[in-house]
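Any value given below was found using the heavy atoms of this structure, including those in side chains, with hydrogens, waters and symmetry copies removed.
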Protein chains: 2
Amino acid sequence: MRPTLQTVADAVGVSRSTVSNAYSNPDQLSAELREKIFEVARKIGYPGPNPAARSLRRGRAGAIGVLFTDSLPYAFTDPYAVQYLRGVSEAAERYDSGLLLVPLAGDEKAGIHAVQNAAVDGFCIYCVPEWHWATDAIRSRGLPIVTSEQHDDDRPDVLYVGIDERGAARAAAAHLVALGHRQVAFLSDYVVPERITAPVHIASPEEVRYYTAGERLRGFRDAFAEAGVAWADITVLSAAANSREDGARAAAYALDRADRPTAILAVTDLLALGVLDALAVRGLRPGRDVSVTGFDDIPEAGAAGLTTIRQDPIERGRRSGELLLDPPDDPASRRVLLPTELVVRASTGPAPHGWS
Amino acid sequence: MRPTLQTVADAVGVSRSTVSNAYSNPDQLSAELREKIFEVARKIGYPGPNPAARSLRRGRAGAIGVLFTDSLPYAFTDPYAVQYLRGVSEAAERYDSGLLLVPLAGDEKAGIHAVQNAAVDGFCIYCVPEWHWATDAIRSRGLPIVTSEQHDDDRPDVLYVGIDERGAARAAAAHLVALGHRQVAFLSDYVVPERITAPVHIASPEEVRYYTAGERLRGFRDAFAEAGVAWADITVLSAAANSREDGARAAAYALDRADRPTAILAVTDLLALGVLDALAVRGLRPGRDVSVTGFDDIPEAGAAGLTTIRQDPIERGRRSGELLLDPPDDPASRRVLLPTELVVRASTGPAPHGWS
DNA sequence: TTGAAAGCGTTACCAG
DNA sequence: CTGGTAACGCTTTCAA
């Protein structure tokens, strides 16, 4: 039989509480007794207080959960997600908390079970839209939650860390407007429920059900609408996933047309880098023949000379973790808006003549 | 008061077991009753079975722990570590298991507590040497363990996934030997207990207490010893951390000497890339003036034209996770040795004349 | 400083 | 298919 606290207590000849104190409240007993208890424990192979039992009794898990819509492996593929995780882990480490990555992918039933089984004190939700099937399961856990998406319902128990997605996207688009671009394409994943790489028709960004993609497309639209470019005159390209390959594939649909756009605005750097790849293949010069913007400013963006919106994913993760682990009483501080910055590089330039 | 299983049972008018079955054994009751139970649960705000209680009762946690010597944030900085995590997460996801990252950094006491408190069914240990202070705590949990380091004691309950570190390093060094290099430097982190960036004197690789660094240095030595180059004639450079910057800094000590080596062998790509940086600053041509080898073949290595040893960290992580979650009965299969491959790129070339 | 008793919320077993 | 009963292993008063 596996030894328990009781086993040790009996072996030493003290009560359970004393052994428990030896592990959890060292100042409640003499140093010698404590040492003796540890020694006996080692001898009979007692593995220390069972975490589940302790957590049950204490009512806290000592870990925070991180939820991704996309599969767990994806979290380690997307550089932005990795940075975010890094930030969360910094907070977790500082508060002596573990970090539990909860697999939400694939099977709906498995995902819900994973959420219900997660031994955590709260969730950092990274990319799970409000209407996702897991949302109910997450909420009904009744644990504190930090989201990165603004929600309509202002639930006071929901913490938030994010950026002004729409405003930032608008700034990127305004930059292109100022450069004279009028014939443009928007490139995004999660535009339509289907995971396809193709041009798609949507009546407006309001149709997009993913918060981030939707807000960014709204921002793009805002700036061009102001310049007199109607939504209907803008090509919307859907990418099956947020990857370089899908970005390149999607861009092809716009670049191989006779009336190719003078600029392509992507909702992420990864997609934008794909666009650059597609340009290179065709011998088109970024910033001269076709301007390209991204979003996030991942490390590769700098090397590629990509004009983009900079945001700090580590800070985002860190603040998320901190908010979860140490929520402020002041309601205003429970919603954090992080700054962004337009970084202009070589991938954008004046619109070529003869098109506008 | 927070509702419990009992609360729901009372509200519906059934026994606890029935409610429990509704959640955990759906085939033990009628679909209607099950639905009714869920409905009532929702109404009174029952968050579902408490994971701690469930885990206590069932005796399994539904998560695997991952341990890093370095701080949690570091795990997300090192590209190799990220890939490894990705692999582990693939296995976790497939087995419907969570992934708990346990913070082992900084304070010894906090780290030990973290290990003891981790609600997991086993550990994947990434870079924790056998003599690390956490080792006792980890072992005494009595849980299955997958290491990436060979241990002397052949504990049958310790699973292992790794590569032939020494043989692979030897292959890299043999490549340089064949190219005529005789005056060389080895660059490694964890050579000495102190975290310093400087040339160091160690009597032999056997002195190195970190498994990976030690084995790789041993491999380097083997090949050069065979070519008649004595250990004493080889410069050993220590890097304070496995980073590009420290690699460059350490390389400076060798490159700025009159009798600079014709080749520098680094134990990781990150360090080797730093060496390339140091060469560039000095106008030295890799593969011509100074040859450089790395280890791992991280993505950046290809772009930089770095000769290196390729290993597959995703596979390594995946196999580790699988081994932990589904250990084979056959003892032989409990130790997995993954293949490696010497990838020759532009950073190595014949030794310049006049030196050898 | 120590010990006895009372749960924490579940699930497993077994008889109905 | 249902419902008692008995753990699971611990922490936490509170009194000695």
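- Toward the 5' end of DNA chain D, the nearer of the two residues B:L56 and B:L33, judged by each one's closest nucleotide, is B:L33.
- Listed by first and then second residue, the side-chain hydrogen bond (donor to acceptor under 3.5 Å, both in side chains) pairs that reach into residues 101-116 of chain B come to none, sequence neighbours excluded.
- A side-chain N or O of B:S333 and one of B:D330 form a donor-acceptor pair less than 3.5 Å apart.
- For the pair A:Y23 OH and D:dT12 C1', the interatomic distance rounds to 19 Å; values are reported in whole Å.
- When rounded to the nearest whole Å, the span between CG of A:N50 and P of D:dT11 equals 9 Å.
- Annotation: B:R141, atom CZ; neighbour count of heavy atoms from other residues, nucleotides and ligands within 6.0 Å is above 12.
- Residues from residues 3-15 of chain B placing a heavy atom under 4.0 Å of any atom in DNA chain D, listed by number, are B:V14, B:S15.
- When the side chain to side chain donor-acceptor pair (under 3.5 Å) test is applied to B:D78, the partners found at least two apart in sequence or on another chain are B:Y74.
- In this structure A:T212 satisfies the side chain to side chain donor-acceptor pair (under 3.5 Å) test with no other residue, sequence neighbours excluded.
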Which side-chain N or O atoms in residues 34-49 of chain B pair as donor and acceptor under 3.5 Å with protein atoms at least two apart or in another chain?
| residue | atom | partner | partner atom | Å |
| --- | --- | --- | --- | --- |
| B:R34 | NH1 | B:A22 | O | 2.4 |

Q: Any chance you could lay out the side chain to side chain contact (heavy atoms under 4.5 Å, CB included) test for A:L85 and A:L101, step after step, and finish with the verdict?
A: CA-CA 10 Å; A:L85 272 178; A:L101 306 183; 3.8 Å; yes

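- No side-chain N or O of B:Y190 forms a donor-acceptor pair with one of B:R209 less than 3.5 Å apart.
- Taking both residues in full, the closest heavy atoms of A:I138 and A:I125 are given as CG2-CD1, 3.9 Å, listed atom of the first, atom of the second, then distance.
- Shortest non-hydrogen contact noted between B:V102 and B:A118 is CG2-CB, 4.0 Å.
- Rounded to an integer number of Å, the gap from CG of B:L29 to P of C:dT11 is 13 Å.
- Within residues 111-118 of chain B, no residue is approached by DNA chain D to less than 4.0 Å at the level of any non-hydrogen atom.
- Following rounding to the nearest Å, A:K36 (NZ) and C:dT1 (P) show an atom-to-atom distance of 16 Å.
- Which of D:dC10, C:dT2, D:dA6 sits closest to the side chain of A:Q28 comes down to C:dT2.
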Below 3.5 Å is the cut-off: list the nitrogen or oxygen pairs between protein and nucleotides 14-16 of chain D, distance only.
none

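- Distances shown here put every side-chain N or O of A:R54 at or beyond 4.0 Å from the OP1 or OP2 atom of D:dC10.
- In terms of the side-chain contact (heavy atoms from CB on, under 4.5 Å) criterion, residue partners of B:V146 (sequence neighbours excluded) are, by chain and number, B:C124, B:L159, B:V161, B:S320, B:L323, B:L324.
- Here the P atom of nucleotide D:dT12 and the CZ atom of A:R16 are 14 Å apart, to the nearest Å.
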**Q.** Derivation and outcome, side chain to side chain contact (heavy atoms under 4.5 Å, CB included), residues B:Q83 and B:R316
**A.** CA-CA 9 Å; B:Q83 299 284 69; B:R316 191 165 176 167; over 6 Å; no

Q | Intermediate values then yes/no, side chain to side chain contact (heavy atoms under 4.5 Å, CB included), B:Y160 and B:S148 | A | CA-CA 6 Å; B:Y160 165 79; B:S148 45; 5.5 Å; no

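- A:R318 meets the salt bridge (charged side-chain N to carboxylate O under 4.0 Å, His left out) test with A:E90, A:E315; sequence neighbours excluded.
- A:Y46 comes within 4.0 angstrom of the backbone, heavy atoms only, and of no base.
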Using residues 53-68 of chain B as the side-chain source, report each donor-acceptor pair under 3.5 Å to any protein atom, sequence neighbours left out, with the distance given to one decimal.
| residue | atom | partner | partner atom | Å |
| --- | --- | --- | --- | --- |
| B:R54 | NH1 | A:N117 | OD1 | 3.2 |
| B:R54 | NH2 | B:S24 | OG | 3.0 |
| B:S55 | OG | B:R60 | O | 3.4 |

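- Of all heavy-atom pairs spanning B:L99 and B:A92, the tightest one is CD1-CB, 4.1 Å.
- Remark: DNA chain D takes part in the stems C:1-16 with D:1-16, each of 3 or more antiparallel Watson-Crick or G-U pairs, criterion distances under 3.5 Å.
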Quick one: which protein N/O atoms are closer than 3.5 Å to N/O atoms of nucleotides 12-16 of chain C? Pair and distance per line, please.
| residue | atom | partner | partner atom | Å |
| --- | --- | --- | --- | --- |
| C:dA12 | O4' | B:R57 | NH2 | 3.3 |

